[in-house]
Amino acid sequence: MVDVKPVITKGLEGIYVSESAICKVDGTAGKLYYRGYSIEEIAEHSSFEEAAYLVLYGKLPTASELSAFDAALKESRALPKYVIGIIKGMVGKADTMDILRTALSAMSAEDKEVEDMSEAANLRKSARIISAIASIVATTGRLMEGKRYVKPNAKLSHAENLLYMLKGKKPRSDEARLLDVMMVLHVEHSTNASTFSTMVAGSTLSDIYSAVTAGISTLKGPLHGGADRASLRMMYSIGSPDNTENYINSALEGKQKIMGFGHRVYKTYDPRAKVMHKYLEQLSATGTEEVKNLISIAFRAENMMIEKLGKTRGIWPNVDFFSGPIYVQIGIPIDLFTPIFAASRAPGWCAHMIEYWRDNRLMRPLEYYNGDIDKEYVPMDAR
Ligand code: ACO
């Protein structure tokens, strides 16, 4: 029988795998909506806590709903000793995303509801996961500097507390607001690679910790969340704004990808990058000298890339391009960029998992076998 080769859609490009009411990404118009609200509105008016609630529960919270959610987050901020020990044991040897993946996975041992697959339990676990990831990220940064674990402060907001546990002192309000906006911008982005792998893991009916751990593993790569670090490293390699055009030209001539540009869905300016752009315009007047220099490089690279590849090939700045100068301004080390992305995306991963479980179907695609069959077995001494 002739085996007819099926159509293979590499990278699942253009394939719909589910229905969802969580997030709409309009890649042509450059629009993004969380539960129907535009990202511009949410970034302007919502805190991370509110955006997380919106994505998880499907509605903007009332004051009492938000305060109950906030209390649940605060309750889970402290890390158990053994998790601090895991972080300590890995710091300096492992990538910060590997530390996060391992430490979050270990947190499941603490959670008495880990096997409870009811939606109510999964929502409670989501709040614990969101909190734990932020504390793991802050503690990783803290221990990386050889300093001691800082206990959380229940008087502070989610973003403030992350910075407090990282730096050991209360952050300035402008720094906390910048981090809060950055986290809001990263809360959710439909079925991208990391959300999809979260759903693949969860579709086996494993549990929400396993599912989110798969999401963290997937976010790490430089084609996905890891591009934020790569993009800042490039800005540092460029060094001086006047070197930007030469650097980008020779990178493109060498067929290198410019990290922080291009997107599988957006074929226009990523709306999240546009919001960041506004903050960078402000920081180009008020930021540190280092940040002002980075912003000049970023803006020159942006202009050049839009002329060269944006208008002609639809390769525009994405969410990862402008993160670097903003995080540098807040005093966040480069190794924490992608972990903070994960801390921000946790609500989106959990929301997708919970939604998918309402009508779960094991994810099991096919592959076309292109190897040999019916080969004769060769004994060891005849090979
Ligand atoms: N710089 C230069 N050229 C690029 C870039 C880029 N950043 N992105 C795409 N291209 C080119 C490719 O070289 C390819 O060219 P070719 O047709 O001449 O071979 C063409 O555009 C198509 O690129 P693909 O990688 O096949 O397109 P895909 O849909 O897979 O792209 C992706 C999406 C992976 C994000 C890509 O644009 C990329 O690698 N960008 C850099 C990494 C990055 O910024 N990732 C973060 C994305 S946002 C996020 O995940 C949070």
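Values below: every heavy atom of this structure, side chains too, minus hydrogens, waters and symmetry copies. Remember, it's 1-based here, ligands and their atoms both numbered in the order they're listed.
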Participant: Would you say D207 and S108 are linked by a side-chain donor-acceptor pair, where the criterion is simply a distance under 3.5 Å?
Facilitator: no
Participant: Can you sort out which atoms of ligand 1 are near G260, meaning under 4.0 Å from one of its heavy atoms?
Facilitator: 43 (C), 44 (O)
Participant: Could you find the nearest protein heavy atom to atom 1 (N) of ligand 1 and give me its residue, atom name and distance?
Facilitator: I258 N, 2.9 Å
Participant: Strictly below 4.0 Å, N to O, side chains only: are R128 and E113 in salt-bridge contact?
Facilitator: yes
Participant: Starting from atom 47 (C) of ligand 1, find the nearest protein heavy-atom neighbour and note its residue, name and distance.
Facilitator: N318 ND2, 3.5 Å
Participant: Just distances here: any N/O of A227 and N/O of ligand 1 closer than 3.5 Å?
Facilitator: no
Participant: What I want to check is whether the side chains of S284 and E281 have a donor and an acceptor closer together than 3.5 Å.
Facilitator: no
Participant: Does E145 come within less than 4.0 Å of K167, counting only side-chain N to carboxylate O?
Facilitator: no
Participant: Is atom 18 (O) of ligand 1 near the protein, in the sense that some protein heavy atom lies at less than 4.0 Å from it?
Facilitator: yes
Participant: List the atom of W349, the atom of S194, and the distance in Å for their closest heavy-atom pair.
Facilitator: NE1-OG, 3.1 Å
Participant: Salt bridge or not between D174 and R177? Use side-chain N to carboxylate O under 4.0 Å.
Facilitator: no
Participant: Do R229 and M97 have side chains that get closer than 4.5 Å, going by heavy atoms?
Facilitator: yes
Participant: Could you check atom 35 (C) of ligand 1 against the protein and tell me its nearest heavy-atom contact, residue, atom and distance included?
Facilitator: G262 O, 3.8 Å
Participant: Using distance alone, decide if ligand 1 has a nitrogen or oxygen within less than 3.5 Å of any nitrogen or oxygen in D320.
Facilitator: no
Participant: Within the structure, does H224 bring an N/O atom to less than 3.5 angstrom of an N/O atom in ligand 1?
Facilitator: yes
Participant: Any side-chain donor paired with an acceptor under 3.5 Å for H277 and E302?
Facilitator: yes
Participant: Do any non-hydrogen protein atoms sit less than 4.0 Å from atom 10 (N) of ligand 1?
Facilitator: yes
Participant: Just jot down the ligand 1 atoms closer than 4.0 angstrom to any heavy atom of V319, in number order.
Facilitator: 51 (C)
Participant: Salt-bridge test for K220 and D335: reply yes if a basic N is under 4.0 Å from a carboxylate O, no otherwise.
Facilitator: no
Participant: Which residue pairs satisfy the side chain to side chain donor-acceptor pair (under 3.5 Å) criterion with at least one member in residues 310-326, sequence neighbours excluded?
Facilitator: E307-K311
Participant: Side chain or backbone, does L223 bring an N or O within less than 3.5 Å of an N or O on ligand 1?
Facilitator: yes
Participant: Using 0.5 Å steps for rounding, measure from the CG atom of L162 to the CD1 atom of I133.
Facilitator: 11.0 Å
Participant: Quick one: does I315 get an N or O within less than 3.5 Å of an N or O on ligand 1?
Facilitator: no
Participant: Tell me the protein heavy atom at minimum distance from atom 30 (O) of ligand 1, and give that distance in Å.
Facilitator: R264 NH2, 3.1 Å
Participant: Looking at atom 41 (C) of ligand 1, what's its closest protein heavy atom, distance included?
Facilitator: F261 O, 3.3 Å
Participant: May I ask you to decide whether E160 forms a salt bridge with K170, counting only side-chain N to carboxylate O separations under 4.0 Å?
Facilitator: no
Participant: Of all the non-hydrogen atoms in the protein, which one sits nearest to atom 48 (S) of ligand 1, and at what distance?
Facilitator: H263 CD2, 3.6 Å
Participant: Would F341 count as a contact of ligand 1 if the rule is a heavy atom under 4.0 Å away?
Facilitator: yes
Participant: Are the side chain of Y82 and the backbone of A106 linked by a donor-acceptor contact shorter than 3.5 Å?
Facilitator: yes
Participant: Considering only the protein, which heavy-atom contact is closest to atom 36 (C) of ligand 1, and what is its distance?
Facilitator: K257 NZ, 3.9 Å
Participant: Consider ligand 1: state whether an atom of it lies below 4.0 angstrom from any non-hydrogen atom of P222.
Facilitator: yes
Participant: Below 3.5 angstrom, do we get any N/O pair linking M259 and ligand 1?
Facilitator: no
Participant: Which residue supplies the protein heavy atom nearest to atom 22 (C) of ligand 1, what is that atom called, and how far is it?
Facilitator: R313 NH2, 4.7 Å
Participant: Looking only at distances, can you tell me whether any N or O atom of R272, backbone or side chain, sits closer than 3.5 Å to an N or O atom of ligand 1?
Facilitator: no
